[in-house]
Each structure stands twice: as C-alpha cells, then as structure tokens.
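For the single chain, residues carry numbers from 1 onward in sequence order.
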Amino acid sequence: MDILWWLAYLALGGFVGLMAGLLGIGGGGIMVPILTSLFVIQGVPHEHLAHLALGTAMAAIVPSSLSSLMTHHRHGAVRWEVVRYITPGILVGTFLATFVAALIPTGGLAIFFACFMMLMSVQMLVNLRPKPSRGLPGPMGMSGVGVGIGGISALVAIGGGALTVPFLTWCNIKVQHAIGTSAAVGLPIALAGALGYLINGWAVSGLPDAALGFIYLPALLLMAPLSIITAPLGARLAHRLPIATLKRVFAVMLAILAIQMVYAVFTA
C-alpha cells in the first residue's frame with residue numbers, strides 16, 4: 001500500500017474514535033462515505049463498494065465501541081440493566097440485516113444510507129428530542145426495540161447511537177447515561193454486524209485480495225489502533241464540552257459526507 005493510504009486510514013480511525021467517545025456513536029456515518037470514496041480510487045468493483053465499506057466500518061466500530069464503553073463505565077454512565085435486556089434483540093436484528101444488505105445493490109444501499117444520514121442531520125440541527133414521557137419497557141419490549149435498532153444500524157454501519165440515545169431519553173434516561181449506554185450497546189451491534197458481513201462476503205468474487213468477506217483488512221488494522229486511543233479522549237470530553245453545539249457541526253458534516261458518497265457511487 002502507498003504511504004498515503006496508510007495515513008488516510010490512520011487519520012480516519014483517530015477521528016472516528018474521538019466521535020465515538022464524544023457523541024456515543026460508532027462512527028459509521030463518517031467511515032462509510034469516506035471508505036467508499038477511497039475504495040473507488042483504489043479500483044474496487046462498483047458492485048462491492050457499499051458492502052465493503054459497510055462491513056469494514058462495522059468491524060472498525062468494535063474496538064472504538066469497547067474503548068468508549070469502558071470509559072463511560074468508569075464515569076458511571078452505563079445503565080447495564082438496559083444493555084442486558086436490549087442486547088438479545090440487537091444481536092438478532094443486526095446479524096439478520098446483514099443478509100438483507102447483501103441482496104441490495106450498491107446504489108440502493110448508498111441511497112438508503114444518504115437518506116438516513118440526512119434525517120439524522122436534521123434531527124441534530126434542530127435538536128429534536130422526544131419528550132421524556134414514559135419509563136423503559138419490559139424485557140420483551142426492550143428486545144423488540146433492539147431488533148429494530150440493530151437492523152437499521154447494520155444497514156448504515158452505525159453503533160446505534162442515533163437511535164438508542166433518543167429512545168432512552170424518551171424513556172426518562174438522562175442524556176449522559178443515554179450516551180454512555182448507547183456506547184455499550186454499540187459493541188454487540190458492531191460484533192454481530194462484522195460477523196454478518198464477513199459471512200455474506202466470504203464466497204463473493206472480485207473483492208480485493210486483502211478482504212475477509214466484506215471486511216477490508218488493511219483499512220481495519222490501520223483504523224483500529226488510533227480509534228482505541230482517541231475514544232477515551234472523546235468520552236472524557238463529553239463531560240466537559242457543549243455537546244449540543246458539537247452535534248450541530250457534526251450534523252452538517254454528515255450531510256456533506258452522505259451527498260459525497262452518493263456522488264462517488266453513481267459516478268464511479
């Protein structure tokens with residue numbers, strides 16, 4: 001690999017880890033469009049662009065989510081009873097959704113990703129939040145919510161923060177605990193998603209030589225170390241910085257990246 005590719009993946013990993021810790025997200029909204037563009041330049045076949053970006057992003061979320069949840073746990077911000085009840089549904093929904101993603105063409109995945117990120121950007125910009133008007137559902141209800149969160153997360157390679165945090169705040173969980181719990185929930189999402197994309201891409205032809213299923217190992221191995229380092233920094237900053245302002249800036253960036261991904265896919 002050219003040294004520029006090394007630097008690009010290292011920088012991407014560092015930034016994604018920071019955002020994972022700071023905002024309780026897995027970073028797929030950043031990784032997927034940037035990875036897609038990098039794969040276009042590297043000559044990855046068009047039909048595999050989105051799948052390889054999604055699978056690699058899901059695998060890269062694993063270490064940053066683990067690092068982030070450990071830091072939030074040390075701050076006492078993880079509601080482990082929520083994690084326990086929602087995880088079974090998360091695992092099922094995420095894993096099964098990777099099989100759905102494997103059947104969708106790259107263009108369709110790119111459009112779905114862009115639409116979701118646009119909605120997420122609007123929500124962040126106007127700071128729409130459901131009013132905390134109820135308590136948490138029971139174990140079965142939590143598992144059902146987990147299936148939905150996991151399924152959507154697998155299709156856009158996010159750690160679930162965009163869905164988990166609003167749901168938990170709606171259920172009267174204070175925002176710091178919602179972010180910390182979301183970081184913890186991101187780990188089973190990432191593990192199930194990475195496994196699903198690995199299996200679905202295992203026998204696919206035309207992938208780069210260094211790919212393991214729909215996971216591109218050079219990108220994963222270069223992004224992971226810096227994401228582990230920067231995720232705790234982001235988690236510490238989450239308790240000190242004006243998160244509302246940061247989310248608005250992040251929202252604009254997500255919208256631009258989503259548009260850029262669609263452009264890259266349909267002009268490749």
Begin from the C-alpha positions of V100 and L96 and carry the test side chain to side chain contact (heavy atoms under 4.5 Å, CB included) through to its verdict. CA-CA 7 Å; V100 175; L96 292 181; over 6 Å; no
Is there a side-chain contact between L155 and F116 (heavy atoms, below 4.5 Å)? no
Count I, L, V, M, F, W, Y as connected when their side-chain heavy atoms are under 4.5 Å apart, and connections chain through other members. Are I41 and L222 then in the same cluster? yes
Kindly determine whether H73 and W80 satisfy side chain to side chain contact (heavy atoms under 4.5 Å, CB included), including the steps that lead there. CA-CA 9 Å; H73 173 66; W80 286 108; 3.0 Å; yes
Are the side chains of M31 and M223 in contact, using a 4.5 Å heavy-atom criterion? yes
Would I152 and L119 show up in the same hydrophobic cluster when neighbours are defined by side-chain heavy atoms closer than 4.5 Å? no
Kindly compute the distance separating CG (L226) from CG (L10), expressed to the nearest 0.5 Å. 5.5 Å
Using side-chain heavy atoms (C-beta onward) and a distance below 4.5 Å, is L49 in contact with V40? yes
Interatomic spacing from CD1 in I86 to CZ in F167 - rounded to 0.5 Å: 5.5 Å
Option among I199, V204, L198, T56 that satisfies the side chain to side chain contact (heavy atoms under 4.5 Å, CB included) test with F214: V204
Would you please name every residue forming a salt bridge (Lys or Arg N to Asp or Glu O under 4.0 Å) with E47, sequence neighbours left out? none
Roughly how far, to the nearest 0.5 Å, is CG of L54 from CZ of F113? 7.5 Å
Of all pairs that satisfy side-chain hydrogen bond (donor to acceptor under 3.5 Å, both in side chains), the ones with a partner from residues 94-112, not counting sequence neighbours: T98-N200
Measure the NE2-OG1 distance between H51 and T36 for me, rounded to the nearest 0.5 Å. 11.0 Å
Heavy-atom closest pair (S182 atom, V165 atom, distance to 0.1 Å) is CB-CG2, 3.6 Å
Report yes or no: does S143 contribute a side-chain atom to a donor-acceptor pair with the main-chain N or O of Y85 at less than 3.5 Å? yes
Is I149 reachable from F95 through a run of I, L, V, M, F, W or Y residues, each pair having side-chain heavy atoms under 4.5 Å apart? no
Taking it one step at a time, do L168 and H177 satisfy side chain to side chain contact (heavy atoms under 4.5 Å, CB included)? CA-CA 9 Å; L168 292 178; H177 287 174; over 6 Å; no
Decide yes or no on side chain to side chain contact (heavy atoms under 4.5 Å, CB included) for V32 and V156, but give the supporting numbers first. CA-CA 8 Å; V32 173; V156 291; over 6 Å; no
Do L136 and R79 make a side-chain contact, defined as non-hydrogen atoms from C-beta onward lying under 4.5 Å apart? yes
Got a sec, which residues hit side chain to side chain contact (heavy atoms under 4.5 Å, CB included) with I259, two or more places apart in sequence or on another chain? M118
Side-chain donor/acceptor of Y197 to backbone N/O of A154, under 3.5 Å: yes
Close side-chain approach of F39 to P208, heavy-atom, < 4.5 Å: no
Is the backbone N or O of G107 less than 3.5 Å from a side-chain atom of H46, with the two atoms forming a donor-acceptor pair by type? no
So do the side chains of Y9 and L220 get within less than 4.5 Å of each other, counting heavy atoms only? no
State, with a plain yes or no, whether a side-chain heavy atom of I189 is found less than 4.5 Å away from one of I61. no
Cluster question for you: counting only ILVMFWY and a side-chain heavy-atom cut-off of under 4.5 Å, with indirect links fine, are I215 and L191 together? no
Distance check, rounded to the nearest 0.5 Å: Q42 atom CD versus L52 atom CG? 9.0 Å
Looking at side-chain heavy atoms only, is the closest gap between V83 and L187 below 4.5 Å? no
Check whether L163 and L91 end up in the same hydrophobic cluster, where Ile, Leu, Val, Met, Phe, Trp and Tyr are linked by side-chain heavy atoms less than 4.5 Å apart. no
